[in-house]
Amino acid sequence: MGSRGTHVSGSCVHPGVPPQLEPNVARVGRVASRLCQELRLARPPVCRQAVQLFQRDVVAAWARSVLRPPEACGLLLGPRCGHWDILGAWNLSLPAAPKPPVQPPLPPPPGAPTARILFLTDLHWDRQYTPGSAAACPDPLCCRGAPHDGPGAAGFWGTYGKCDLPLHTIDALLAQLPNASSHTSDGSGDASNGTGGFAAAYWTGDIPAHDVWQQSRGDQLRALRTVTALLRARLGGLRVFPAVGNHEATPVNAFPPPYVRGNQSAAWLYDAMAEAWQGWLPPAALRTLRAGGFYTAQVWPGLRLVSLNMNFCSQANFWLLINATDPAGQLQWLMGVLADAERDGEKVHIIGHIPPAHCLHSWSWNYYRIISRFEGTIAAQFFGHTHLDEFELFYDEETLSRPVSIAFVAPSVTTYINLNPGYRVYEVAGSYPGSSHAVLDHETFILNLTEANAAPPGTPPRWQRLYSAREAYGLPAAFPADWDLLVRRLQDDERLFQRFWFHLHKGHPPREPCGGPCKAALLCALRSGRAGDPALCRPLRPALPFPRIQELWRQRQLC
């Protein structure tokens, strides 16, 4: 796509914004701030701070895009104001090599080794979290500020509400893991995390808190370095494979493609990540991490990991207005990595932050095609971002009936919003000749906040296993076909669905029950590994029209 105003440095007013754009920045900022206040999206100070933080980058991205006034209006205010089609359709060419014959997944032979992988996502450390502060407030994030007397005070370990976590809760989670240094047990057995330690850890981002209206680059880097150091101290020599979340940047979701240079580039973040994570990742991985926030590395012999920067598919990344066609060439790179793995007989785990169905339409559909083409190589996919415990199924493109892969979406460490803290452990086929490296089961652990906050001061928090997937849902295995069958069972078995609903919210479901429309939208989402495809929902025969289902999806997208 073409661009306008491509000069991005040399301004004495603000690095990255040409002087001739500065009046437009101020004008846009005034309008946006007034709209925010008139629509009562936040308190006036929050509106002003948020606009101040976002305005220069947003205007710089618009200036480099090809947005015409009606498109800009449609982007800001919806289809009544104008039509926004700048993010048009595009397709990548799949590798010329023919797809190998499909081999249905098989359970490991008796006695074959398995491995346990720790999975952490959406930690959202709030360094201003204050026990005893107000748990309800008009701002996007609460449980911070001065303590106050009376009910509705923030708990010591965390709080149900619009609150993130204090660092001591994240530390307590890590301290009780099997691999943790100074690991202690209360002897109850309730927090037992299985029979042994972990072979690796996957960590899919969102480190800072949700105070997105007042964050600086210094704040984000402090969060990155503090939490990385904590993981390194508690997990010792365990290798951690991170992925970039959407909250790592400031402004939030702002991830310019690599051709945006100077002060507005993402180099400040990627360079800091490479420095912080260099003990975990090999030099080749650090190079692509610095360039675009993604990388590949070997987990153990026979298993390769790909960490994707899912911000290049994000609907909220305004920098993609410049050009949304495979930003940073990431999908093209992914196909190359998968083709090499296929040739070398390696299996691949893909990790990322934002789940594929939450992505921009064309990105999501191209990714779906890649998953289908390399179904024999991709052993598993792991994501976070929604803070809930769910999954997205992938089907063959010819019939949309044969399950070929599953993207597991794990629950958050943070409580935001109205949740218990939680984390996930995956059991996978281990390293042996012919291993599938597929997921065999997973377990979810939580901290019951009601119980933890009611305990006497100084009592160690008791993390407990909420459930294991195969046990809770009666799965013969944990392959894509088993999860596909589960969705059909959830439709017909209300008791089983209520169990899934309870687990979806980490043991603290909302007071409002999930009625017919809610259930139809949720089950449709579980079958949808790509964005906005009504065909994936049709086998469930939903009573709702697909636009209504999409509307219900959007209401759940809070992160």
Side-chain angles (χ1 to χ4, degrees), residues 1-3 65-66 85-100 102 243-244 255-260 266 287-289 291-296 304-317 319-344 346-383 392-400 402 404-407 528-533 535-536:
M1 291 185 177
S3 62
S65 76
V66 290
D85 60 0
I86 191 168
L87 302 178
W90 49 272
N91 282 307
L92 298 177
S93 298
L94 293 171
K99 179 178 177 177
V102 175
V244 183
F255 287 84
Y259 51 75
V260 174
R287 282 194 294 272
T288 56
L289 175 64
F294 51 87
Y295 65 88
T296 182
R304 174 161 297 281
L305 177 125
V306 169
S307 177
L308 295 177
N309 186 348
M310 300 299 285
N311 295 293
F312 289 141
C313 80
S314 172
Q315 301 173 24
N317 185 0
W319 282 103
L320 300 186
L321 292 171
I322 300 173
N323 188 347
T325 302
D326 192 16
Q330 182 177 219
L331 289 181
Q332 197 72 49
W333 169 86
L334 171 63
M335 286 191 287
V337 172
L338 293 172
D340 289 347
E342 181 179 85
R343 179 198 63 209
D344 297 339
E346 289 183 315
K347 299 297 184 183
V348 172
H349 284 176
I350 295 175
I351 66 171
H353 183 68
I354 300 171
H358 289 62
C359 291
L360 289 165
H361 187 276
S362 287
W363 197 103
S364 180
W365 283 57
N366 275 283
Y367 180 80
Y368 201 92
R369 292 170 60 226
I370 293 170
I371 298 297
S372 180
R373 165 59 184 83
F374 289 100
E375 64 170 293
T377 296
I378 299 166
Q381 304 175 65
F382 307 94
F383 297 90
E392 295 175 358
L393 279 159
F394 290 65
Y395 296 88
D396 71 290
E397 290 198 291
E398 292 75 23
T399 67
L400 295 182
R402 181 178 64 84
V404 302
S405 188
I406 179 171
S528 298
R530 65 185 179 193
D533 185 2
L536 292 168

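Values below: all heavy atoms of this structure, side chains included; hydrogens, waters and symmetry mates excluded.
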Once you round to the nearest 0.5 Å, how far does OG of Ser405 lie from CD1 of Ile370?
12.5 Å
Do Asp326 and Leu92 touch side chain to side chain, with heavy atoms closer than 4.5 Å?
yes
Using ring centroids (six-membered ring only for Trp), state whether Phe394 and Tyr368 fall under 6.0 Å.
yes
If I compare all heavy atoms of Ala531 with all of Cys359, which pair ends up nearest, and what's the gap?
CB-O, 3.5 Å
Heavy-atom closest pair (Met335 atom, Pro95 atom, distance to 0.1 Å) is SD-CD, 3.8 Å
For the residue pair Gly376 and Lys347, what are the closest heavy atoms and their distance?
O-NZ, 2.6 Å
Measure the CG-CG distance between Leu320 and Leu360 for me, rounded to the nearest 0.5 Å.
6.0 Å
Closest non-hydrogen contact found for Trp365 with Gly532 is CZ2-O, 4.4 Å
So Asn323 and Tyr259, do their side chains get closer than 4.5 Å, heavy atoms only?
yes
Kindly state each residue pair satisfying salt bridge (charged side-chain N to carboxylate O under 4.0 Å, His left out) with at least one member in residues 372-382, sequence neighbours excluded.
Lys99-Glu375, Glu342-Arg373, Glu375-Arg402
To the nearest 0.5 Å, what is the distance between CD1 (Ile350) and CG (Leu308)?
6.0 Å
Taking all atoms of both residues into account, what is the closest heavy-atom pair of Ala341 and Thr377, and its distance?
CB-CG2, 3.9 Å
To the nearest 0.5 Å, what is the distance between CZ on Phe294 and CG on Leu334?
9.5 Å
Note: Gly529 and Ser364 closest approach over all heavy atoms is O-OG, 4.0 Å
From Ile371 CD1 over to Asp396 CG, what is the distance, rounded to the nearest 0.5 angstrom?
14.0 Å
Do Gln381 and Tyr367 have side chains that get closer than 4.5 Å, going by heavy atoms?
yes
Among residues at least two apart in sequence or on other chains, which ones pass side-chain hydrogen bond (donor to acceptor under 3.5 Å, both in side chains) with His353?
Asp206, Asn246, His385
Is there a donor-acceptor pair closer than 3.5 Å between any side-chain N or O of Asp344 and the backbone N or O of Glu346?
no
Nearest-0.5 Å distance that lies between atom CZ in Arg369 and atom OG in Ser93:
7.5 Å
Would you say Phe255 and Val244 make side-chain contact, with heavy atoms under 4.5 Å?
yes
Contact between Phe383 and His358 at the side-chain level, heavy atoms closer than 4.5 Å - yes or no?
no
By the side chain to side chain donor-acceptor pair (under 3.5 Å) test, which pairs, at least two apart or in different chains, include something from residues 327-340?
Asp340-Arg343
No-hydrogen, no-angle side-chain donor-acceptor test under 3.5 Å, Asn311 and Ser314
no
